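This one's a predicted model, so the numbers in the text were calculated from it and none came from an experiment. Order of the sequence lines sets the chain letters (A, B, ...), proteins ahead of strands, with each chain counted from 1.
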2 protein chains.
Amino acid sequence: MNTLKHFSASADDRSVDASTMEQVIGYRLRRAQLYVFQQFHQHFAELELRPAEYSVLNLIGTNPGRKQSQIAESLGIKRANFVPLINGLERRGLMIRRSQPDDRRSHALFLTTKGEVLVKQADQAQAEFEAHCVVRLGGTKARDQLLELLERLGG
Amino acid sequence: MNTLKHFSASADDRSVDASTMEQVIGYRLRRAQLYVFQQFHQHFAELELRPAEYSVLNLIGTNPGRKQSQIAESLGIKRANFVPLINGLERRGLMIRRSQPDDRRSHALFLTTKGEVLVKQADQAQAEFEAHCVVRLGGTKARDQLLELLERLGG
DNA sequence: TATTGTTATACTCTATAACTATA
DNA sequence: TATAGTTATAGAGTATAACAATA
C-alpha cells in the first residue's frame, strides 16, 4: 500500500460529485420513486401485495363490475400484461371475472369477500405508510404541494 | 345492441373512479416518473442515450478517473449490472476503462474525446428538456420546491 | 480473507404481434 | 371489420451467487 495516498488526492480518496445529476428532475423522481416502492414493499410484505396488485384490487373495490380493459387502461397497464396479473389475484381467491350477458367478449371484475377483507387491510396499511411519508415531507400541506407539482408534470 | 343501455348506467358507460389512487404518493410518483422518462426518451432518441447511460457518462465527465464501483454505487446501480452497461458505452467509443497501477483490481473510467462531445450535446438536450419541465411546473421556484420535497422523501 | 470486476442466471416489468371468440 | 381477452415472446431493469485476479 502506498503511504503517499494519505497526502495526495488519489482517485480512491475523492468522493463522487453527483451535484449535476442531483439537479435533474427525472433522476430525482426516479430515485425517490424507487425508494418509496422499496418502503412500500416492506410495509406490504405480510399482505403479499405488490404495488400494481394493490392498485388493481383497490380500483376493483371502488369500481366493481368494470371490464378488464377499463381497469387496466386506467392504471396504464397494457391489457396483455393485465391478464397474468389478475390471473394471480383470481387464483388467490381475491377477485373474480364474470362474463357479461350483454357483451360476451368482456369480463366484469369483482372482489370476492376474501378480497374485500384484504383490501381493507391493505387500505389501512397504505394509510399508515402514507402518514409516514407525510411526516417526512413535513405535513399535509407539503404533501398536497408534492401531488400538485406531480400533477403539473403530467402523466 | 340493447337500446336500453342509453338509459341505464351500465358498466360500459361509467368511467373508472381512480380518485383514491390519485391521492397515493407512491402511485403518483410512479406515473410522473414514467411520463418524464418517456419524454426523456423522445428528447434523447437522436443521441441514442437511455437515462442510465446519460447519468453514467455525465458522472464520468465530472468525475474522471473514478473506479467502476464508485460510479455505479453513486447511481444506485449494482456492479454486476454496471458491467454490460459500460461495455456498450465503451464499444461505442464514448468512454474507456484504464487499469490502475496502484491497484490492478480496479478500472478507472474516462470519457473519450468522442464521449466528451456527446456529453456536451446531451447536457444541452438535458438543459432544454429541464427547461420544458420547469415551465410545466410553473417556474424555477416550483422546481426547487419539487426537488426539496423529493429530497425529504428520501432515497 | 476481503475487494474489484466479471459471468451466469433469474425474476419482474413492459411492449408487440397474432390468435379466439364475439360483436 | 372491429373489439375484448388471451397467448407467446422479446427486451429492459434489477437481484443474487460464484468465480478470477489482486490486495
note: A:I86, atom CD1; D:dA4, atom P; distance rounded to Å ~ 14 Å
When rounded to whole Å, the CD to C1' distance for the pair A:Q100 and D:dT3 reads 15 Å
A:F82 CZ to C:dA15 P, in whole Å, measures 15 Å
Atom CD of A:E73 and atom P of D:dG5 are separated, to the nearest Å, by 12 Å
* Does the side chain of B:R31 come under 3.5 Å of the side chain of B:Y27 through a donor N or O and an acceptor N or O? -> yes
For B:R79, report the nucleic acid contact type (base, sugar-phosphate, nothing); a contact means any heavy atom under 4.0 Å.
-> base
Per nearest nucleotide of DNA chain C, the residue lying toward the 5' end, B:S69 or A:R50, is B:S69
request  = Could you tell me whether the side chain of B:R104 has a donor or acceptor atom within less than 3.5 Å of a complementary atom in the base of D:dT22?
outcome  = no
Distance-only donor-acceptor check, side chains B:Q42 and B:Q38, under 3.5 Å: no
The residue, A:I77 or B:H107, whose nearest nucleotide of DNA chain C is more 5′ is B:H107
Q) Are OP1 or OP2 of C:dT4 and a side-chain N or O of B:K67 less than 4.0 angstrom apart? A) yes
message = Between the base of D:dA15 and the side chain of B:N81, is one N or O donor paired with an acceptor at under 3.5 angstrom?
response = yes
Sugar-phosphate, base or nothing in reach of B:A52, heavy atoms under 4.0 Å:
nothing
In whole angstroms, the gap separating P of D:dA23 from CZ of B:R105 amounts to 7 Å
B:F37 atom CZ is separated from D:dT14 atom C1', nearest whole Å, by 14 Å
May I have the step-by-step check of salt bridge (charged side-chain N to carboxylate O under 4.0 Å, His left out) for B:R28 and A:E151, ending in yes or no?
CA-CA 8 Å; B:R28 294 284 299 277; A:E151 170 88 35; 3.3 Å; yes
Basic-acidic side-chain contact under 4.0 Å: A:E116, A:K120
no
Between B:Q68 and C:dT6, is there a side-chain N or O to OP1/OP2 distance below 4.0 Å? yes
task: Look at A:R30 and D:dT14 and indicate whether a side-chain polar atom (N or O) is within less than 4.0 Å of OP1 or OP2.
output: yes
A:Q38 CD to C:dT12 P, in whole Å, measures 17 Å
At under 4.0 Å, does any side-chain N or O of B:Q70 touch on OP1 or OP2 of C:dT4? no
Of A:R97 and B:P101, the one whose closest nucleotide on DNA chain D sits nearer the 5' end is A:R97
Whole-Å distance, B:L34 CG to D:dG13 C1', equals 12 Å
In terms of ring plane angle, is the pair B:F44 and B:F40 parallel, tilted or perpendicular, where the classes change at 30° and 60°? parallel
